[in-house]
Amino acid sequence: MTKKPYYITTPIYYPSGNPHIGHCYTTTACDTIARYRRMQGYDVIFLTGTDEHGQKIEQKAAEAGVTPKEYVDEIVKVFQSLWKRMNISYDRYIRTTDDYHVETVQKIFRMLYDKGYIYKGEYKGKYCTPCESFWTESQLDENGCCPECHRAVIEAKEEAYFMKMSPFADRIEALLTQTDYLQPKTRAVELVNNFIRPGLEDLCVSRTSFTWGIPVDFDEGHVVYVWVDALSNYISALGYVNDAYQDFDEYWPADLHMVAKDIMRFHAITWPAILMALDLPLPKHLAVHGWITFNGQKMSKSLGNVVDPFLLADRYGADAVRYHILREMALGADSSFSNEVMIQRINSDLANGLGNLVSRTVAMVDKYFGGTLIEERQPGEFDAELVAAAEGLKPRLEELLEKTQLNVMLSEIFQVVSRANKYIDETMPWILARDPENRARLATVLYHLLEMIRMITVPLSAFMPETMLKVWEQIGATAAETAYETTAQFGVLPANVTVHKGEILFPRIDTEKEIDELNQLILASQPEQTPEEPAYKLQPLAEEITIKDFAKTDLRVAKVTACEKVKKSKKLLRLELDDGMGGRQVVSGIAPWYTPEDLIGKKILLVANLKPAKLCGVESNGMICAADLPNGDVRVIFPDEALPVGAKVR
Ligand code: MSP
């Protein structure tokens with residue numbers, strides 16, 4: 001039997017800077033779907049790649065003093081190594097600088113021209129350089145800026161080719177409102193009201209003011225507009241009007257394009273219009289998700305709020321990061337990234353939930369049966385309900401997959417994980433183990449648990465591929481026993497299955513310690529924001545004093561010998577100091593900016609004759625000198641290390 005083709009794509013990314021966790025969402029989501037579809041028996045082509053032309057890249061390369069191609073070559077390597085690190089199983093990687101793609105785009109441009117959809121005119125309008133988008137006056141935001149990124153737009157005027165859009169307006173409106181193309185469909189309203197109803201404007205499809213693009217082969221000086229170039233990747237990668245691949249007839253139309261909301265318009269309007277003009281079938285679905293935000297803003301390099309996915313994958317493993325981002329993002333809404341929530345989820349769902357279920361089950365088979373179950377069985381209470389919960393999973397997951405609701409799929413799977421953990425509490429195997437009479441019942445309970453783990457981990461392997469292989473090794477499941485069809489069948493593992501105790505799947509994380517470390521690392525990895533740093537607000541000069549007045553303040557060099565956080569306080573650190581006078585304890589409100597490790601062994605400046613006071617119930621004998629940064633952060637004053645402990649400031 002020939003397999004059914006399935007074609008899924010991510011957007012192709014701009015290699016204008018290194019990838020961040022926001023870029024990982026679509027790619028990880030598509031990877032999960034691609035893996036799931038392969039398990040279901042589809043012949044999948046999963047495409048990703050990079051969108052390498054355009055003015056922004058040209059500018060960045062010039063700033064770096066290299067050619068645009070040299071510039072993108074370096075960043076493409078980083079993207080590809082990230083996808084490797086995240087176990088992204090793409091089948092094809094397209095670069096818009098690849099020859100076959102250039103050939104396809106040039107041919108498409110000519111075909112549209114020959115068919116009379118493209119004509120030459122003069123473009124006058126607003127252009128957003130970072131987004132590489134033209135906007136009409138009415139589309140600009142309330143400040144007259146780009147409606148997508150809200151940065152300033154420039155007046156652009158140049159000879160240009162245009163594509164007629166009005167012939168496609170009615171068909172596009174019907175596509176968006178009357179078919180299942182858009183997921184979620186609720187997004188159709190904004191597209192229809194903002195772009196289609198006011199009258200679809202013709203699209204400017206060539207530029208002459210820069211050269212880093214695909215040349216229009218019949219009119220020197222024009223390069224193809226980046227979005228026409230970029231969108232065409234979805235068909236050039238299959239071999240449409242090029243000889244690099246021969247998959248177009250079999251795999252087009254795409255089953256699923258997945259994108260974030262900021263590029264929905266191009267995929268919901270521009271792309272269908274191009275395909276209609278070429279007389280090609282339209283993709284089956286366009287799934288649009290929100291952004292991963294950080295402190296309420298879209299994560300982006302220029303905002304200095306990017307979370308480095310390499311760092312997260314190295315600390316927690318690619319699967320934990322994949323799980324977290326897929327679990328948090330509901331299709332259609334934004335998802336706020338938070339280290340706290342990520343660690344809580346890893347601890348609660350992965351370490352305590354799934355990890356615990358596997359390690360407890362395997363440990364009990366090991367302890368009570370020497371690793372190999374006996375074949376005798378004795379059914380009992382709770383068994384049937386548990387099996388029903390796992391058997392019901394497959395059809396439910398398939399229904400959710402059709403709607404690209406990956407977060408709900410995970411939540412359904414983890415409900416069964418909880419149900420299985422509850423079954424352990426209900427059946428209490430450790431009590432059964434006390435009486436040899438109960439051996440058959442004990443074996444039945446443990447077999448049910450092993451089967452639950454197997455049935456849950458088959459679909460989960462699309463989400464967390466690395467870990468599920470380890471689980472199958474531990475529960476003694478073979479490849480045939482973890483085939484997709486078996487996910488709704490109870491009783492697939494042999495009755496006398498042998499388990500293999502293995503490593504802990506998800507070690508529990510010490511939340512507080514981890515958050516401190518992570519925040520420091522993330523801060524350290526942000527690009528310097530010097531131009532945007534707030535200016536320091538100078539404090540008014542204090543009242544004049546005499547040297548005698550100053551001499552009343554006894555400022556001394558002291559050394560931090562020990563330091564810890566004050567319990568019940570987020571701000572306070574308790575420091576033990578060597579002050580050259582027998583030592584003392586000081587409490588200081590610098591915990592948001594320093595960890596105890598930052599301070600131990602360091603010399604500081606101490607106000608040594610300050611009246612003792614109690615802070616949060618802890619006595620403080622003096623004060624540590626510090627000053628404010630312009631952004632309100634605090635820095636301790638560290639004196640020259642050569643100054644001896646006890647030295648007096650004069
Ligand atoms: N090159 C275009 C896409 C052309 S597709 C024919 C582009 N590239 S991009 O690198 O800027 O963005 C690629 C995708 O990543 C877009 O869907 C974009 O919305 C998504 N994301 C970038 N930052 C994101 C978040 N913080 N959160 C979620 N997705 C985000 O657009």
Side-chain angles (χ1 to χ4, degrees), residues 8-30 47-57 60 72 75-76 78-79 82-83 88 93-97 101 104-105 108 128-133 146 148-149 151 187 213-214 224-237 254 256-272 274-275 283 286-309 324-326 328-338 406-407:
I8 177 168
T9 69
T10 72
I12 46 173
Y13 297 90
Y14 288 130
S16 55
N18 284 345
H20 54 70
I21 195 87
H23 294 121
C24 288
Y25 179 77
T26 330
T27 317
T28 309
C30 287
L47 174 74
T48 190
T50 27
D51 180 3
E52 307 184 5
H53 293 121
Q55 197 168 10
K56 187 162 66 179
I57 303 267
K60 290 242 174 188
V72 291
I75 301 178
V76 167
V78 185
F79 270 92
L82 176 62
W83 301 150
I88 302 299
Y93 191 98
I94 186 166
R95 299 184 56 176
T96 54
T97 47
H101 173 76
T104 293
V105 171
I108 287 178
C128 173
T129 310
C131 294
E132 307 193 61
S133 304
C146 170
E148 299 286 4
C149 74
R151 281 179 272 209
R187 292 234 184 238
I214 298 182
V224 177
Y225 172 47
V226 274
W227 273 101
V228 174
D229 168 355
L231 289 162
S232 304
N233 94 88
Y234 299 131
I235 51 179
S236 65
L256 184 63
H257 291 317
M258 191 185 276
V259 302
K261 61 185 182 183
D262 52 335
I263 59 170
M264 167 174 72
R265 177 173 68 109
F266 298 104
H267 287 79
I269 296 177
T270 316
W271 183 223
I274 295 173
L275 291 168
L286 170 67
V288 182
H289 61 81
W291 289 329
I292 295 188
T293 58
F294 197 70
N295 295 334
Q297 285 180 294
K298 181 187 175 200
M299 204 174 285
S300 84
K301 203 90 188 166
S302 55
L303 292 173
N305 62 2
V306 292
V307 174
D308 177 5
H324 174 64
I325 56 180
L326 294 174
E328 286 302 311
M329 179 83 83
L331 200 67
D334 286 346
S335 141
S336 160
F337 188 90
S338 136
L406 302 180
N407 64 323

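Please read all numbers here as calculations on a predicted model, not as lab measurements. One-based numbering, in listed order, for ligands and for the atoms of each. Quick note: numbers below take in every heavy atom, side chains included, and nothing from hydrogens, waters or symmetry partners. Each residue takes its place number in the sequence, starting with 1.
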Heavy-atom side-chain proximity of His101 to Ile214 below 4.5 angstrom: yes
Would a 4.5 Å heavy-atom cut-off, applied to side chains only, mark Val228 and Ile274 as touching? yes
If we only count heavy atoms from C-beta on, is the Ile108 to Ile235 side-chain gap below 4.5 Å? yes
Under 4.0 Å from any heavy atom of Ala230, which atoms of ligand 1 are there? 6 (C)
How many angstroms lie between CD1 in Ile8 and CG in Leu256, if you round to the nearest 0.5 Å? 4.5 Å
Quick look: Lys261 vs ligand 1, heavy-atom contacts under 4.0 Å, and the answer is neither
Separation of His257 NE2 from Ile263 CD1 (nearest 0.5 Å): 10.5 Å
So, is Gly22 polar-close to ligand 1, with some N/O to N/O distance under 3.5 Å? yes
Under 4.0 Å, counting heavy atoms only: does Tyr14 come that close to any atom of ligand 1? yes
For Thr27 and His23, run side-chain contact (heavy atoms from CB on, under 4.5 Å): C-alpha distance rounded to whole Å, both residues' side-chain angles, the deciding distance at 0.1 Å, then the answer. CA-CA 7 Å; Thr27 317; His23 294 121; 5.6 Å; no
Against heavy atoms of Tyr234, which atoms of ligand 1 measure under 4.0 Å? 5 (S), 6 (C)
At under 4.0 Å between heavy atoms, is it the side chain or the backbone of Trp291 that contacts ligand 1, or both, or neither? both
Test side-chain contact (heavy atoms from CB on, under 4.5 Å) on Lys261 and Asp334; report intermediate values, then the result. CA-CA 9 Å; Lys261 61 185 182 183; Asp334 286 346; 3.0 Å; yes
Shortest reach to atom 18 (C) of ligand 1 by a heavy atom, considering only Asp262, Ile325, Ile292: Asp262
Taking only non-hydrogen atoms of Asp51 and a 4.0 Å limit, the atoms of ligand 1 in range are 1 (N), 2 (C), 4 (C)
With nothing but distance in play, are any N or O atoms of Pro11 less than 3.5 Å from an N or O of ligand 1? no
Cys24 side, atom SG; Leu82 side, atom CG - distance, nearest 0.5 Å: 4.5 Å
Trp227 neighbourhood, listing ligand 1 atoms whose heavy-atom distance to it stays under 4.0 Å: 2 (C), 3 (C), 4 (C), 5 (S), 6 (C)
Looking at ligand 1, does any of its N/O atoms fall within less than 3.5 Å of an N/O of Met329? no
Part of Ile263 with heavy atoms under 4.0 Å of ligand 1, whether side chain, backbone, both or neither: side chain
Quick one about Thr48 and Tyr13 (side-chain donor to acceptor, distance below 3.5 Å, no hydrogens or angles considered), yes or no? no
Atoms of ligand 1, numbered as shown, that sit under 4.0 Å from any heavy atom of Gly290: 28 (C)
